[in-house]
Amino acid sequence: MAKEFWIGDVQAGDHDGVEVELMGWIKRTRGSNKIRFIVLRDSTGTIQCVVKKDAVGEEAFEEIKNSLIEASVILKGIVNVDERAPGGHELVVSSAEVVGAVRPETPFPITQSAMQAADGGETEFLLDNRHLYLRTSRMTTMLKIRSSVFGAIHSYFRDLKFTEYHAPNFVAGAVEGGSTLFEVPYFGKKVYLTQSWQLYAEAAMPALERLYTIAPSFRAEKSRTRRHLTEFWHAEMEVAWAGNSDIMEHGEALVRNIAKTVLEEREDDLKSIDRDLDLIARYADSPYPRIRYDEAVETLQGLGVDIEWGQDLDYSKEKILTQDFDVPHFLTHYPKIAKPFYHRVDPEDDKYVLCHDLLAPEGYGEIVGGGERTWSEQEILARIDEEGVPREPYQFYIDTRTYGGVPHGGFGLGVDRVVSWLSGADHIREVIPFPRDSRRVTP
RNA sequence: GCCGAUUUAGCUUAGCUGGUGGAGCGUGGGACUGUUAAUCCCAAGGUCGAGGGUUCGAGCCCCUCAAUCGGCGCCA
């Protein structure tokens, strides 16, 4: 039964003139009472298969003729090079077997009309039928690009001898803020779904020194935007003996490595969804400029934007700031009052913290957030008290400093956001198979 | 949480100043020996999101509710 031949290889010319057995699903079917053209799909591509009544016999021909879109079939025949076939190759079928039929009462619901509507964003119908929409070429392409992005992240860190390290998803307290936590009943107690791997990573930092993860994070934000999910994939890293600038160098190198990998592995996929490859090449090759928060505020004020020093930069302001950028930019040195206690205060000016955000161009916004941690015991206690946060839940975090604290830092990267940006998706939902947002958890 | 919009056949939609709903795709039947989103003919398929109101009469006007979509705040 094992599948031996793949449509992508056939279209690449690997089996010209020889007999192959193709296993796949019917993408489209047309023809007459004596000849049928089946466009067969598998995970590697599509190919036209010519089924003639004379060649396969009456019974098999009728079965193929009556087969609907997405029926699974096994077609055996000779690979023919023919200009008339899309892709330049076709299968001249000698025997045909329907494996899983599709009944006429329940035809495949993702029709041309449903797909046309998807160009301008996803419809409710396609979201309801996400499990079937996954089979379409657009979703398949997105999932392949996504896979390459995940692979690039693992490669980047492993090549640099980082250790992959895992934190629990059930947590007792908040990493930041309290309102965006998902509450979960836990044997009569309440626990929460994690928002970040960071605090647990800092505990392991003195053991592993260079560590990373790719894991889901959960945020109970009622955000209704093209950049938000309630469950998203978070690539995070933590490094000992490192400052803000060192961490930024990793962030920049990682994102450039992702762009480069996607370009190498998914060129055809990107072309198939009309992505401009020159843009990706620029993201892979160019340095990412660094701008201080103060400069950004001055720039915005110069543009007549109503903003005061100390305010966090919301998306509307980010967008104005990034509209002239043609590569990602770092924003650094935010005011202390705009950031949580674990960001280290700048020793050169205590109004600021040593942190950074990486903003993607083309309106995709923040893809990385990170910085240097408050690493001395004295400083962390002062910052916790200053912000009025109770010490008790953070005792394990404070202990990291009590026993041989060292300068360290890290960042978190929104993997889905990066996939969305690099693929040029209209919405972050397009790049994850079963998106979760504040209003949808099904299918 | 706030603002805006949408809801007509399985899907995508048209619908004139209110006068008993049209189409394309899909499905079924028929024709066709090479099609390219095949084409051509025929058919079935709608309590117009739910409830109330105005009116002789509501898909269309008014009110309430619901679902969905888009944007903002928040963030990756």
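Everything quoted here is computed from the prediction, not taken from an experiment. To find a chain, count down the sequence lines: A is the first, B the second, and so on, and within it residues start at 1.
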task = Using only side-chain N and O atoms of R227(A), determine if any of them is under 4.0 Å from OP1 or OP2 of G70(B).
result = no
query = Can you find a donor-acceptor N/O pair under 3.5 angstrom joining the side chain of R417(A) to the base of C75(B)?
reply = yes
key: Watson-Crick and G-U pairing of RNA chain B written in dot-bracket, each distance under 3.5 angstrom, with | for inter-strand partners   = (((((((..((((.....[..)))).(((((.......))))).....(((((..]....))))))))))))....
message = If you only use heavy atoms from C-beta on, which nucleotide in C25(B), A76(B), G73(B) is closest to the side chain of S113(A)?
response = C25(B)
Donor-acceptor pair under 3.5 Å, E90(A) side chain vs G34(B) base = yes
inquiry  = Can you tell me which nucleotide in C69(B), U12(B), A76(B) comes closest to the side chain of R224(A)?
reply    = C69(B)
query = Expressed in angstrom and rounded to an integer, what is the separation of E318(A) atom CD from C72(B) atom P?
reply = 11 Å
task = Output the single nucleotide from A76(B), U68(B), U35(B) whose closest atom is nearest the side chain of E124(A).
result = U68(B)
query = Would you say the side-chain atoms of R41(A) pair up with the backbone N or O of G24(A), donor to acceptor, closer than 3.5 Å?
reply = no
task = Compute whether any side-chain donor of one residue and acceptor of the other, for H166(A) and E164(A), lie under 3.5 angstrom apart.
result = yes
ask   = Is R227(A) close enough and on-axis enough to Y315(A), meaning under 6.0 Å and within 45°, for cation-pi?
value = yes
Near-parallel close stack of F232(A) and A76(B) base (under 5.5 Å, under 30°) = yes
task = Check if the side chain of S223(A) and the base of C74(B) share a donor-acceptor pair of N or O atoms closer than 3.5 Å.
result = yes
message = Less than 6.0 angstrom from the centroid, inside 45 degrees of the normal: does R219(A) satisfy that with respect to the ring of F182(A)?
response = no
inquiry  = Side chain of F125(A), heavy atoms from C-beta onward: which of G34(B), C11(B), G70(B) has the nearest atom to it?
reply    = C11(B)
query = Are any of the side-chain heavy atoms of D269(A) and T140(A) separated by less than 4.5 Å?
reply = no
key: Heavy-atom donor-acceptor pair, W197(A) side chain to Y165(A) backbone, under 3.5 Å   = yes
Row check, F330(A) ring normal vs R290(A) NZ/CZ: under 6.0 Å, within 45° = yes
message = Side chains of T46(A) and R28(A): any donor to acceptor distance under 3.5 Å?
response = no
ask   = To the side chain of D54(A), which of U12(B), C75(B), U33(B) is closest?
value = U33(B)
ask   = Considering only side-chain heavy atoms of D312(A), which listed nucleotide, C69(B), C75(B), G10(B), is closest?
value = C75(B)
task = Could you identify which residues of residues 245-252 of chain A place a heavy atom less than 4.0 Å from some atom of RNA chain B, listed by residue number, or say none?
result = none
request  = Would you kindly check whether a donor in the side chain of Q112(A) faces an acceptor in the base of U12(B), or vice versa, at under 3.5 angstrom?
outcome  = no
key: Gap between atoms CG and C1', on N33(A) and U35(B) respectively (whole Å)   = 14 Å
message = Does C72(B) have its OP1 or OP2 closer than 4.0 Å to a side-chain nitrogen or oxygen of T225(A)?
response = no
query = When you check the phosphate oxygens OP1 and OP2 of C75(B), does a side-chain N or O of H234(A) lie under 4.0 Å from one of them?
reply = no
request  = Consider the side chain of Y315(A), meaning its heavy atoms from C-beta on, and name the nucleotide among C69(B), U33(B), C72(B) that approaches it most closely.
outcome  = C72(B)
query = Does G70(B) have OP1 or OP2 sitting under 4.0 Å from an N or O in the side chain of R226(A)?
reply = no
ask   = Roughly how far, to the nearest 0.5 Å, is CD of E366(A) from CG of L413(A)?
value = 10.5 Å
ask   = Is it the case that H343(A) and Y334(A) place a side-chain donor and acceptor less than 3.5 Å from each other?
value = no
inquiry  = Ignoring hydrogens and geometry beyond distance, is the side chain of T106(A) in donor-acceptor contact with the base of G10(B) at under 3.5 Å?
reply    = no
ask   = Of all the choices, C75(B), G10(B), G34(B), which nucleotide is nearest to the side chain of R219(A) once you look at every atom?
value = C75(B)
ask   = Taking RNA chain B as the partner, which of residues 64-81 of chain A come within under 4.0 angstrom of it by heavy atom?
value = L68(A)
inquiry  = Give me the distance, rounded to whole Å, that separates C2(B) from U8(B) when you measure between the P atoms they each carry.
reply    = 26 Å
message = Check for me whether the distance between the ring centres of H234(A) and F232(A) falls short of 6.0 Å.
response = yes
task = Provide, to the nearest angstrom, the distance between the CZ atom belonging to F108(A) and the P atom belonging to U12(B).
result = 15 Å
query = Which atom names give the shortest non-hydrogen contact between T261(A) and A152(A), and what distance separates them?
reply = OG1-CB, 3.5 Å
Euclidean distance, atom CG of residue L127(A) to atom C1' of U12(B) [Å, nearest integer] = 16 Å
inquiry  = Please determine whether salt bridge (Lys or Arg N to Asp or Glu O under 4.0 Å) holds for the pair K317(A) and D314(A), giving the CA-CA distance in whole Å, both sets of side-chain angles, and the decisive distance to 0.1 Å.
reply    = CA-CA 6 Å; K317(A) 298 180 183 73; D314(A) 61 42; 3.0 Å; yes
Euclidean distance, atom CD1 of residue I320(A) to atom C1' of C72(B) [Å, nearest integer] = 13 Å
